Amino acid sequence: MSGIKVGVLGSQGKVGQAIVTAVENADDLTYTVGVDKGDSLEFFSDTDTRVVVDFTHPDVVMDNLKYLIANGIHAVVGTTGFTEERLETVRGWLAENPTVGVLIAPNFAIGAVLSMRFAAQAAKYYDSVEVVELHHPQKADAPSGTAYRTAELIGRARAEAGVGPSPDATTEELDGARGAVVDGVRVHSVRLAGLVAHQEVLLGTTGETLTIRHDSLDRSSFAPGVLLGVRKIGDRPGLTVGLEELMDL
Ligand SMILES: NC(=O)C1=CN([C@@H]2O[C@H](COP(=O)(O)OP(=O)(O)OC[C@H]3O[C@@H](n4cnc5c(N)ncnc54)[C@H](OP(=O)(O)O)[C@@H]3O)[C@@H](O)[C@H]2O)C=CC1
Ligand SMILES: O=C(O)C1=N[C@H](C(=O)O)C[C@H](O)C1
């Protein structure tokens with residue numbers, strides 16, 4: 001056995017299973033152990049695991065990270081639910097363990113990262129922008145982490161360019177009909193059997209619209225981005241947020 005020793009948290013889950021397969025198939029990585037609900041995190045220390053990939057649940061990911069950082073294990077995290085407050089807590093733990101690297105990304109699919117970048121670039125040229133995310137019905141969080149991040153990037157780009165709010169004459173509304181608002185951007189969440197992970201950013205101005213759509217058709221779409229993170233995180237102490245930081249964009 002040779003290469004970076006990699007373990008997976010949430011190894012029995014939908015994404016975790018795809019990551020285990022990808023790690024096992026990579027010549028330069030060695031799969032050590034999978035940990036799922038009820039298993040001990042000490043399996044990672046016992047197997048001298050160097051990098052752990054976490055695809056679990058927003059309710060448990062902070063406890064996982066606390067253990068990994070305290071034990072000098074690098075982490076690549078796809079689990080959602082990272083508010084600015086949570087990120088600050090992680091930064092605090094990392095300050096006490098300065099050799100450890102943590103990568104947290106709302107979406108590891110290359111196309112999703114690109115579509116977020118394209119949406120931010122386009123945002124200032126259009127009067128209106130709204131985000132629609134569509135996912136499988138087992139998903140716990142709404143809006144998706146990706147949609148939340150996309151709206152933040154769009155909101156920031158529009159604020160920097162001095163663009164006002166999207167026009168909207170709605171005065172009467174059934175609760176939720178116009179979606180949630182993130183940094184001034186409307187975000188709509190669809191949950192539908194048969195879907196995996198999809199997002200459309202709709203932009204409109206006089207006489208034209210632009211739609212930026214990304215589809216993850218299979219959970220293997222997250223694996224190349226995760227493996228990129230696994231290979232790089234050991235050389236990036238501290239907190240990295242977003243896969244784009246590791247891509248030559
Ligand atoms: N960043 C990205 O690119 C992506 C992020 N995600 C995010 O990843 C997370 C997982 O998604 P998904 O795989 O679909 O979810 P699943 O529910 O299919 O998988 C999660 C797995 O983690 C297990 N688990 C729960 N608690 C613990 C714990 N304390 N320790 C170890 N394992 C635990 C679950 O067990 P049990 O089922 O028994 O509760 C389950 O097997 C979500 O937050 C999702 O939004 C998903 C896709 C891509
Ligand atoms: O739960 C999912 O499935 C996904 N979660 C992430 C998110 O919330 O953005 C990434 C992707 O959309 C799939």
Side-chain angles (χ1 to χ4, degrees), residues 7-22 33-44 49 52-68 73 75-83 86 102-116 119 131-153 180 182 187-201 213-230 233 240-247:
V8 176
L9 254 166
S11 55
Q12 303 293 313
K14 291 186 283 302
V15 184
Q17 291 182 46
I19 302 305
V20 170
T21 301
V33 68
V35 167
D36 209 84
K37 200 173 188 172
D39 298 334
S40 170
L41 292 170
E42 287 180 14
F43 288 171
F44 294 128
T49 297
V52 166
V53 178
D54 186 308
F55 280 89
T56 55
H57 192 283
D59 290 351
V60 301
V61 66
M62 290 300 278
D63 286 345
N64 294 341
L65 270 177
K66 190 174 183 181
Y67 174 89
L68 296 173
I73 301 170
V76 172
V77 181
T79 306
T80 46
F82 280 90
T83 57
R86 282 187 168 204
V102 172
L103 167 64
I104 297 172
N107 203 312
F108 280 96
I110 305 299
V113 177
L114 290 175
S115 70
M116 282 189 264
V131 177
V132 185
E133 55 95 338
L134 309 91
H135 281 82
H136 58 92
Q138 290 80 37
K139 186 162 178 56
D141 52 323
S144 70
T146 307
Y148 203 96
R149 181 73 181 143
T150 305
E152 281 180 343
L153 293 171
V182 178
V187 180
H188 310 268
S189 298
V190 176
R191 297 292 174 262
L192 204 70
L195 295 183
V196 178
H198 317 259
Q199 179 168 287
E200 285 190 357
V201 180
R213 180 172 174 116
H214 176 258
D215 297 275
S216 271
L217 305 170
D218 187 276
R219 290 179 176 87
S220 57
S221 61
F222 305 116
V226 169
L227 296 198
L228 175 66
V230 164
I233 196 61
T240 302
V241 179
L243 186 65
E244 61 275 19
E245 298 295 326
L246 308 187
M247 290 166 63

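Nothing here was measured: the structure is a model prediction, and the numbers come from that model. Scope of the values below: all heavy atoms of this structure, side chains included, with no hydrogens, waters or symmetry mates. Just so you know, ligand 1 is whichever comes first in the structure, and atom 1 is the first atom listed for that ligand.
Within the 4.0 Å heavy-atom shell around ligand 1 one finds P106. Residue contacts with ligand 1 leave out H57, since none of its heavy atoms falls under 4.0 Å from the ligand.
Heavy atoms of F222 found under 4.0 angstrom from ligand 1 belong exclusively to the side chain. Only backbone heavy atoms of A105 (N, CA, C or O) come within less than 4.0 Å of ligand 1; its side chain stays farther off. Looking at V60 against ligand 1, only its side chain comes within 4.0 Å, counting heavy atoms.
Of all protein heavy atoms, the one lying nearest to atom 10 (C) of ligand 1 is T56 O, 3.2 Å. Of the protein's non-hydrogen atoms, the one nearest atom 8 (O) of ligand 1 is F55 CD2, 3.4 Å.
Other residues, nucleotides and ligands place more than 12 heavy atoms under 6.0 Å from the CZ atom of F222. Environment of NZ in K14: crowded, with over 12 heavy atoms of neighbouring residues, nucleotides or ligands closer than 6.0 Å.
No side-chain N or O of T146 forms a donor-acceptor pair with one of E133 less than 3.5 Å apart.
Annotation: K14 places an N or O atom under 3.5 Å from an N or O atom of ligand 1; distance criterion only.
Using a 4.0 Å threshold on non-hydrogen atoms, atom 1 (N) of ligand 1 counts as touching the protein.
With D141, V77, D36, L243 as candidates, the residue nearest to atom 35 (O) of ligand 1 on a non-hydrogen basis is D36. The option with the heavy atom closest to atom 12 (P) of ligand 1, from among V15, V226, L9, T80, is V15. Nearest to atom 24 (N) of ligand 1 by heavy atom, out of Q17, K37, Q138, is K37. Residue nearest to atom 7 (C) of ligand 1, selected from G38, G78, A18, P58: G78 (by heavy-atom distance). One option in S11, A197, G13 has a heavy atom closer to atom 19 (O) of ligand 1 than any other, and that option is G13.
Close contacts between ligand 1 and G10 involve ligand atoms 21 (C), 22 (O), 32 (N) [criterion: under 4.0 Å to a heavy atom]. Per-residue contacts place F108 under 4.0 angstrom from the following atoms of ligand 1 (heavy atoms of the residue considered): 1 (N), 2 (C), 3 (O). Of all the atoms in ligand 1, the ones that sit under 4.0 Å from a non-hydrogen atom of K139 are 45 (O).
In this structure a side-chain-to-backbone donor-acceptor pair under 3.5 Å is missing from D215 to L217. A donor-acceptor contact shorter than 3.5 Å is absent between the side chain of D63 and the backbone of V60. Proximity of a side-chain donor or acceptor of T79 to a complementary backbone N or O of T56 within less than 3.5 Å is detected.
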Exercise. Any chance you could lay out the side chain to side chain donor-acceptor pair (under 3.5 Å) test for Q199 and T150, step after step, and finish with the verdict?
Key: CA-CA 10 Å; Q199 179 168 287; T150 305; 2.9 Å; yes
Exercise. Apply the test side chain to side chain contact (heavy atoms under 4.5 Å, CB included) to residues Y148 and D141: give CA-CA distance (whole Å), side-chain angles for both, the deciding distance (0.1 Å), then the verdict.
Key: CA-CA 11 Å; Y148 203 96; D141 52 323; over 6 Å; no
Exercise. Go through F82 and L65 one step at a time and tell me if the side chain to side chain contact (heavy atoms under 4.5 Å, CB included) criterion holds.
Key: CA-CA 12 Å; F82 280 90; L65 270 177; 3.8 Å; yes
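V187 and V182 make their closest contact through CG2-CG2, 4.0 Å (heavy atoms, listed as atom of the first residue, atom of the second, distance). Among all heavy-atom pairs drawn from H136 and R191, the shortest one is O-CD, 3.6 Å. Considering every non-hydrogen atom in both A147 and V131, the closest pair reads CB-CG1, 4.1 Å. Between T80 and V61, the shortest heavy-atom distance links the atoms O-CG1, 4.5 Å.
Distance CD1/I73 to CG/N64: 11.0 Å, rounded to 0.5 Å.
Around ligand 2 you find T80, P106, N107, H135, H136, K139, D141, S144, G145, T146, A197, F222, each with a heavy-atom distance below 4.0 Å.
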